[in-house]
Amino acid sequence: MSSAAVLRTYATLPSPSTSLPPRVLLSHNASTLAIFDAYPKAKYHFLVLPRYPFPSNNDPESTRSICRLSDLDDLRSLLTKTTRDAREQIVGQMAEMAREVEEMIRDEMVKSEGWEWRIDVGFHAIPSLKHLHLHVISDDRLSPALKTKKHYNSFRPDLGFFVSIADVQRWILDDDDTIRERALLGTHSLLASPLTCFKCDEPHHNVPKLKSHLEKEFQEEGRKALARIKKTGRQRTSSEEDMF
DNA sequence: GTTCTAGAAC
DNA sequence: GTTCTAGAAC
């Protein structure tokens, strides 16, 4: 399947685990699905989708939905069309599933590479696929499917096109329309921003050169992390541990 | 979102 | 001459 509606198809399945193969479905619960991104833009890249009908936290068994299907088109419609209570529940459930996915990714990182690296969790301001989806993506950005400047810039954590889940949760708490409107101003033109490394700001002439630089960044991070683990027995400092 | 490919960039 | 990008088609 490869239409723009594929995510919506997944999100409306009454029984995801019997309809989707394990190479597509990572996990699910009453309100959300976690799936493998079909064209991963990093070593680890998953999507978290709200299911429809979306059940209320107060009545998880009910088949009644707390929002309309069209309210789940994208981040903008979630933030502008749903009730405050509904969007709080939807984003809250998505964030919870994203945390579970992060845990699975960290386990895999330790198994495969022996160290853990950053994971970014956020939405695209202007998505190409219909149905709200939250990206959970490792910050190596090393993948054969990452081919264009657009791909790369759409996941830059600092550009405004990729909107972190933390920002979205803050807007919902503040419940301020002006903040929300300003925050959703991410435009397509951002994707034409110059190619620079989001870790060290170094500019690069084209995507292949950027990709070999990212490979170097990853190797170097790994070298440092493994050295620290060897020396201290753990990767993070005690103050960093408190954040997890 | 991807694939294909013409022509720009080098 | 080859590599790479970006717009059209899907």
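Lettering follows sequence order; numbering is per chain, from 1. Every value quoted in this text rests on a predicted model; they were computed, and no experiment measured them.
- Across all strands, P208(A) comes closer than 4.0 Å only to sugar-phosphate atoms, never to a base (heavy-atom distances).
- Atom-to-atom, NE2 of H131(A) to C1' of dG1(B) comes out at 16 Å; the value is rounded to the nearest Å.
- Residue-environment remark: CZ (R64(A)) stays at or below the threshold of 12 foreign heavy atoms within 6.0 Å.
- Paired with H135(A) under the rule ring pair (Phe, Tyr, Trp, His ring centres under 6.0 Å), one option of F155(A), F161(A), Y39(A) passes, and it is F155(A).
- We find that NE2 of H133(A) is positioned 9 Å from C1' of dG1(B), with the value rounded to whole Å.
- Under a 4.0 Å N-O distance rule, the pair K111(A)/E108(A) qualifies as a salt bridge.
- Looking at heavy-atom distances under 4.0 Å, K147(A) makes contact with sugar-phosphate atoms alone, never a base.
- Protein atom NE2 of H45(A) is 10 Å distant from nucleotide atom P of dT2(B), rounded to whole Å.
- Regarding F155(A), its CZ atom lies at a distance of 11 Å from the C1' atom of dG1(B), rounded to whole Å.
- Between dT3(B), dC4(C), dG1(B), one nucleotide has an atom nearer to the side chain of N206(A) than all others, and that is dC4(C).
- For K130(A), the NZ atom is loosely surrounded, since the number of other residues' heavy atoms within 6.0 Å does not exceed 12.
- The separation between L7(A) atom CG and dG1(B) atom P is 11 Å, rounded to whole Å.
- Rounded to an integer number of Å, the gap from NZ of K150(A) to P of dA8(C) is 11 Å.
- Rounded to a whole Å, the CG atom of L195(A) is 7 Å from the P atom of dT5(C).
- Atom pair K149(A):NZ and dG7(C):C1' shows a separation of 15 Å (rounding to whole Å applied).
- Within the 4.0 angstrom heavy-atom criterion, only backbone atoms of the sugar-phosphate kind lie near K41(A); the bases stay farther away.
- Within the nucleic acid shown, H151(A) comes within 4.0 Å of sugar-phosphate atoms alone, with no base atom in reach, counting heavy atoms only.
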